[in-house]
Protein chains: 2
Amino acid sequence: MGEPVRQLSRERVLRAAVAIADADGLGALTMRSLAAALHAKPMSLYHYIRNKDELLDALVDGVFAEIDLPEVGGDWRAEVRRRCLSARAVLARHPWALALVETRTSPGPATLRHHDSMLGVLRGGGFSLPMTAHAYAIIDAYVFGFVLQEASLPFDGGDSATEVADSIMERFAAGDYPHLVEFATRHVRQPGYHFGGQFTFGLDLILDALANAS
Amino acid sequence: MGEPVRQLSRERVLRAAVAIADADGLGALTMRSLAAALHAKPMSLYHYIRNKDELLDALVDGVFAEIDLPEVGGDWRAEVRRRCLSARAVLARHPWALALVETRTSPGPATLRHHDSMLGVLRGGGFSLPMTAHAYAIIDAYVFGFVLQEASLPFDGGDSATEVADSIMERFAAGDYPHLVEFATRHVRQPGYHFGGQFTFGLDLILDALANAS
DNA sequence: AAGTAAGTCGTACTTAGTACGAAGACTTGG
DNA sequence: CCAAGTCTTCGTACTAAGTACGACTTACTT
């Protein structure tokens, strides 16, 4: 029964915060719940974090740090593709991240490094400055937007899509939303349907288009 | 001085909620501030709205209602393009909307109608069911993702980009983020730079790619 | 041993959502 | 025209959350 509950530290606080958010969502991450998870009292946290806002900024930067950096100088298409798959995986692992990114506007070091690498590979791939801007905007709009859509799907991501589709379908009269009904019954309800599987299709379509446009 | 402060109504409550969110952000929209704006007391609102969650759901559906519906049967490319420009305009007008869409998962009637029309034009344009799914996913990922990026830019949208870029640049040593520095100084800081202008470029690139892929 | 700095926390104030039920206003059958 | 509802509105109060303030506790220094 010795107390392995050693001293607090910024590191431990951040780790615990991520764990809570991963497990129960951003809403469950309060200064009180965070303190409880660390067997401490709320006010103790303020020695490692100025306020909750700063905590959230730190979480966002931590998420960017998890994303694979593209290798500057490598084949731009391959590197960007790898990075995008990684980004999607990371954002899926931390479903709360996207909501945060939207709000926070002061990028941390990992975030800046990340952008720097992306700009680097694109420039290295022969894109002009304006074209780099276009490409990066399109790519990230797609990646973030796709994850955003997944997040706002009424179902979790598995194949419970079927049930949800059914329950929604029931709610409206026969002819109300004909195309939605067709889509739900003849596509979504098919075995093997999985929204997330469309990610690479779109990504490759966009990368191809960018390769041609450059 | 007569009292034009007529009866409350769900309509009036929703309108006032949108006004508050537009003006001061989602954070400023509380049951208390909303009541105050209507010259009423907080608890009066609960006669028109079950709880705040339902209020937010209603706001989201209202936003979808504002987006131009594509005309089913028309030229899919033109109709989808128009709808996307409208969607972006609406989301720009209500910067809080995107954050909400992310959370709410029970679509309202306007939302369903919207999706129905989009699926309709795509199907009418000759897309197969799987291809329709791909196309819609890509298009909305792009539109929502682009708006999301705009929202998380550290600057408001005007050309204050320059100042922000400067202030960030100052923060790091010479060689820390070379590509970011090049990008900021040689592109962002140029006169006439405006992130939002890239929207149509990417949209057309994606629509072209979809047209070819179909 | 005493001083000092670092870390921890008790207390309390503020803002938010909303349950409960009373009080006023308006409607309607007699 | 009145009594009995019914519809709106709101007063009060409880709970959850962020965090300011300052005290207490410990560990390390000299």
Side-chain angles (χ1 to χ4, degrees), chain A residues 1-62 96 99-100 102-106, chain B residues 1-62 96 99-100 102-106:
Chain A
M1 326 214 82
E3 265 326 274
V5 182
R6 61 189 175 296
Q7 240 198 325
L8 290 177
S9 71
R10 186 177 169 95
E11 193 59 19
R12 276 188 6 109
V13 170
L14 293 182
R15 249 187 241 297
V18 169
I20 291 176
D22 283 351
D24 303 318
L26 260 195
L29 175 60
T30 71
M31 296 303 278
R32 290 165 208 267
S33 69
L34 181 52
L38 292 161
H39 303 292
K41 302 295 143 124
M43 290 315 294
S44 304
L45 304 176
Y46 288 88
H47 257 264
Y48 304 95
I49 268 151
R50 200 181 314 282
N51 50 41
K52 193 174 179 181
D53 249 40
E54 199 201 79
L55 170 67
L56 298 180
D57 277 336
L59 292 186
V60 169
D61 208 48
W96 43 269
L100 276 192
E102 201 169 342
T103 334
R104 320 277 101 205
T105 48
S106 49
Chain B
M1 354 183 59
E3 265 325 274
V5 183
R6 60 190 177 297
Q7 241 198 324
L8 290 177
S9 72
R10 186 177 169 97
E11 192 60 17
R12 277 188 6 106
V13 169
L14 294 183
R15 250 186 239 297
V18 170
I20 291 176
D22 283 350
D24 305 317
L26 259 194
L29 176 60
T30 69
M31 296 304 279
R32 291 166 208 266
S33 68
L34 181 52
L38 292 162
H39 304 291
K41 304 293 155 166
M43 290 315 293
S44 305
L45 305 176
Y46 288 87
H47 257 263
Y48 303 96
I49 269 151
R50 198 180 315 279
N51 51 40
K52 194 173 180 184
D53 248 41
E54 198 202 79
L55 169 67
L56 299 181
D57 277 338
L59 292 186
V60 169
D61 207 49
W96 43 270
L100 275 191
E102 203 168 338
T103 333
R104 319 276 102 206
T105 48
S106 49

**Fill in**
Separation of dA17(D) atom P from N51(A) atom CG, nearest Å, is 18 Å

**Request:** Check the distance between dG18(D)'s P and L34(A)'s CG and give it to me in whole angstrom.
**Result:** 10 Å

**Along DNA chain D (nearest heavy atom to each residue), the more 5'-positioned of S9(B) and Y46(A)** = S9(B)

**Fill in**
Rounded to whole Å, the CG-P distance (L55(B) to dG17(C)) equals 10 Å

**Prompt:** For dG17(C), does OP1 or OP2 lie under 4.0 Å from any side-chain N or O of K52(B)?
**Reply:** yes

**Asked** Got Y48(B) and L14(B) here, is their nearest side-chain heavy-atom distance under 4.5 Å?
**Response** no

**Prompt:** Y48(A) side chain N/O closer than 4.0 Å to the phosphate oxygens (OP1, OP2) of dT8(C)?
**Reply:** yes

**Request:** Starting from P on dT12(D), measure out to NZ on K41(B) and report it in whole angstrom.
**Result:** 11 Å

**Request:** Measure from CG on L45(A) to C1' on dA17(D) and round the result to the nearest Å.
**Result:** 13 Å

**Asked** How many Å lie between CE on M31(A) and P on dC13(C), as a whole number?
**Response** 20 Å

**Prompt:** Less than 4.5 Å apart, any side-chain heavy atom of L29(A) and any of L59(A)?
**Reply:** yes

**Prompt:** Could you give the CD1-to-P distance, from I49(B) to dT9(D), as a whole number of Å?
**Reply:** 12 Å

**Prompt:** S44(A) or R32(B): which one's nearest nucleotide on DNA chain C is closer to the 5' end?
**Reply:** S44(A)

**Item:** Basic-acidic side-chain contact under 4.0 Å: R104(A), D61(A)
**Value:** no

**Complete:** Rounded to whole Å, the CE-C1' distance (M43(B) to dC14(D)) equals 12 Å

**Asked** Where the side chain of P42(A) is defined as all heavy atoms beyond and including C-beta, which of dC9(C), dT8(C), dT19(D) is the nearest nucleotide?
**Response** dT19(D)

**Prompt:** Is there a donor-acceptor pair under 3.5 Å between the side chain of E54(A) and the backbone N or O of I49(A)?
**Reply:** no

